[in-house]
Amino acid sequence: NAGVTQTPKFQVLKTGQSMTLQCAQDMNHNSMYWYRQDPGMGLRLIYYSASEGTTDKGEVPNGYNVSRLNKREFSLRLESAAPSQTSVYFCASRLQGAPNQPQHFGDGTRLSIL
Amino acid sequence: AQSVTQLGSHVSVSEGALVLLRCNYSSSVPPYLFWYVQYPNQGLQLLLKYTSAATLVKGINGFEAEFKKSETSFHLTKPSAHMSDAAEYFCAVSESTSGTYKYIFGTGTRLKVLA
């Protein structure tokens, strides 16, 4: 009963390095989301994918790219990491349909950029 | 665009006391509201959601929230705090963009329970 799985759980990068955060869900959900969480700022949406084959920008997309590889997987890429991207990143998924369908979250990736 | 405001970034209560965490929303249409809880080093878990079927919504772990349209509020309460309730709590509203639902989260309230 895995739900939403994120890898890695922790990562330290140097400024300018690239990295891909992985997310997979096994609930047959249509929509997937990437957020970043910073102290005092709640969760901010980076990118989302309404369904396989589509992606859209959220509130804070600059410096990131995403790929919806298939229905299960949605990856987030940092092409050239910057210290401002130090954060905790959460992936979430949701069954499309009724507006009160909740999102289901992974346990996060804690990323530090030195 | 819709928004939610959580008053109080930190709330402390004694064990056994009432828990009240505040959430106000801004929406021009009937809102779809949620409360999530986050324990240390974990993701967010759904506590409860407003479905418009009833204004008083019961969730897990003894929490409940009351939707008050006149006050644009969806405050979270629990009659008696337990040490295990110490966590961060987020209020959220879902918003439709071209048929896709996105969630707008509040900035969170960290609950501390004192022995």
Side-chain angles (χ1 to χ4, degrees), chain A residues 2-7 9-10 21 23 25 27 29-61 68 74 88-110, chain B residues 1-10 21 23 25 27 29-54 57 59-60 65 67 74 87-110:
Chain A
V4 179
T5 303
Q6 292 184 236
T7 55
K9 296 189 183 304
F10 302 94
L21 308 185
C23 175
Q25 52 91 10
M27 295 173 284
H29 286 173
N30 308 92
S31 302
M32 297 185 74
Y33 308 77
W34 275 106
Y35 294 90
R36 61 177 290 173
Q37 182 180 25
D38 302 290
M41 303 188 75
L43 276 76
R44 293 182 291 168
L45 183 64
I46 305 171
Y47 271 92
Y48 64 102
S49 171
S51 60
E52 187 178 354
T54 68
T55 61
D56 285 287
K57 295 178 180 179
E59 181 185 353
V60 289
R68 184 72 183 267
F74 188 38
V88 182
Y89 291 85
F90 287 99
C91 177
S93 69
R94 176 182 179 274
L95 187 65
Q96 213 170 32
N100 60 359
Q101 285 284 353
Q103 292 188 334
H104 298 258
F105 286 82
D107 285 338
T109 294
R110 284 146 186 84
Chain B
Q2 300 187 49
S3 65
V4 289
T5 301
Q6 291 183 245
L7 292 176
S9 57
H10 292 80
L21 305 182
C23 174
Y25 66 89
S27 174
V29 297
Y32 297 96
L33 295 159
F34 305 81
W35 274 101
Y36 284 85
V37 60
Q38 183 182 32
Y39 298 103
N41 299 315
Q42 293 186 25
L44 278 68
Q45 302 173 31
L46 180 69
L47 267 180
L48 50 82
K49 64 180 181 181
Y50 172 63
T51 64
S52 76
V57 182
I60 62 172
F67 174 73
F74 191 55
E88 190 158 20
Y89 293 80
F90 292 92
C91 182
V93 62
S94 70
E95 174 180 78
S96 175
T97 303
S98 303
T100 300
Y101 286 93
K102 299 186 294 183
Y103 286 64
I104 312 300
F105 286 85
T107 52
T109 297
R110 188 170 298 277

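FYI, side chains are in, hydrogens and waters are out, and symmetry mates aren't considered; it's all heavy atoms of this structure. To find a chain, count down the sequence lines: A is the first, B the second, and so on, and within it residues start at 1.
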(message) What residues of residues 49-56 of chain A make heavy-atom contacts with chain B at a cutoff under 4.5 angstrom?
(response) A:Ala50
(request) Find out whether B:Tyr101 and A:Gln101 are in side-chain contact, i.e. whether some heavy atom of one side chain is under 4.5 Å from a heavy atom of the other. (result) no
(message) At a 4.5 Å cut-off on heavy atoms, which part of B:Gln45 comes close to chain A: side chain, backbone, both, or neither?
(response) neither
(message) Please find the pair of heavy atoms, one from B:Tyr36 and one from A:Gln103, that lie closest to each other, and give the distance.
(response) OH-N, 2.9 Å
(message) If I measure from the heavy atoms of chain A, does B:Gln38 come under 4.5 Å with its side chain, its backbone, both, or neither?
(response) side chain
(message) Quick check: closest heavy atoms across B:Gln42 and A:Arg110, and the distance to 0.1 Å?
(response) N-NH2, 3.7 Å
(message) Is B:Phe34 in contact with chain A via its backbone, its side chain, both, or neither, using a 4.5 Å heavy-atom distance?
(response) side chain
(request) Check each atom of B:Thr51 against the heavy atoms of chain A and say whether the ones under 4.5 Å are side chain, backbone, both or neither. (result) both
(request) Evaluate the side-chain proximity of B:Ile104 to A:Leu45: yes if any heavy-atom separation is below 4.5 Å, no if none is. (result) no
(request) Compute the ring centroids of A:Tyr35 and B:Tyr103, then answer whether they are less than 6.0 Å apart. (result) no
(request) Please round to the nearest 0.5 Å and tell me the distance separating atom CG of A:Leu43 and atom OG1 of B:Thr107. (result) 11.0 Å
(request) Check whether B:Tyr50 gets within reach of chain A through its side chain, its backbone, both or neither, counting any heavy atom under 4.5 Å. (result) backbone
(request) Sort B:Phe90 into side chain, backbone, both or neither according to what part of it lies under 4.5 angstrom from a heavy atom of chain A. (result) side chain
(message) Quick one, A:Gln37 with B:Glu88, criterion side-chain contact (heavy atoms from CB on, under 4.5 Å). Give me CA distance, side-chain angles, the key distance, then yes/no.
(response) CA-CA 12 Å; A:Gln37 182 180 25; B:Glu88 190 158 20; 4.2 Å; yes
(message) Report which part of B:Leu46 has an atom under 4.5 Å of a heavy atom belonging to chain A: side chain, backbone, both, or neither.
(response) side chain
(request) Heavy-atom distances under 4.5 Å only: say whether B:Thr100 touches chain A with side chain, backbone, both or neither. (result) side chain
(message) Please rank A:Ala92, A:Gly42, A:Cys91, A:Pro39 by heavy-atom pairs under 4.5 Å with chain B and give me the top one.
(response) A:Gly42
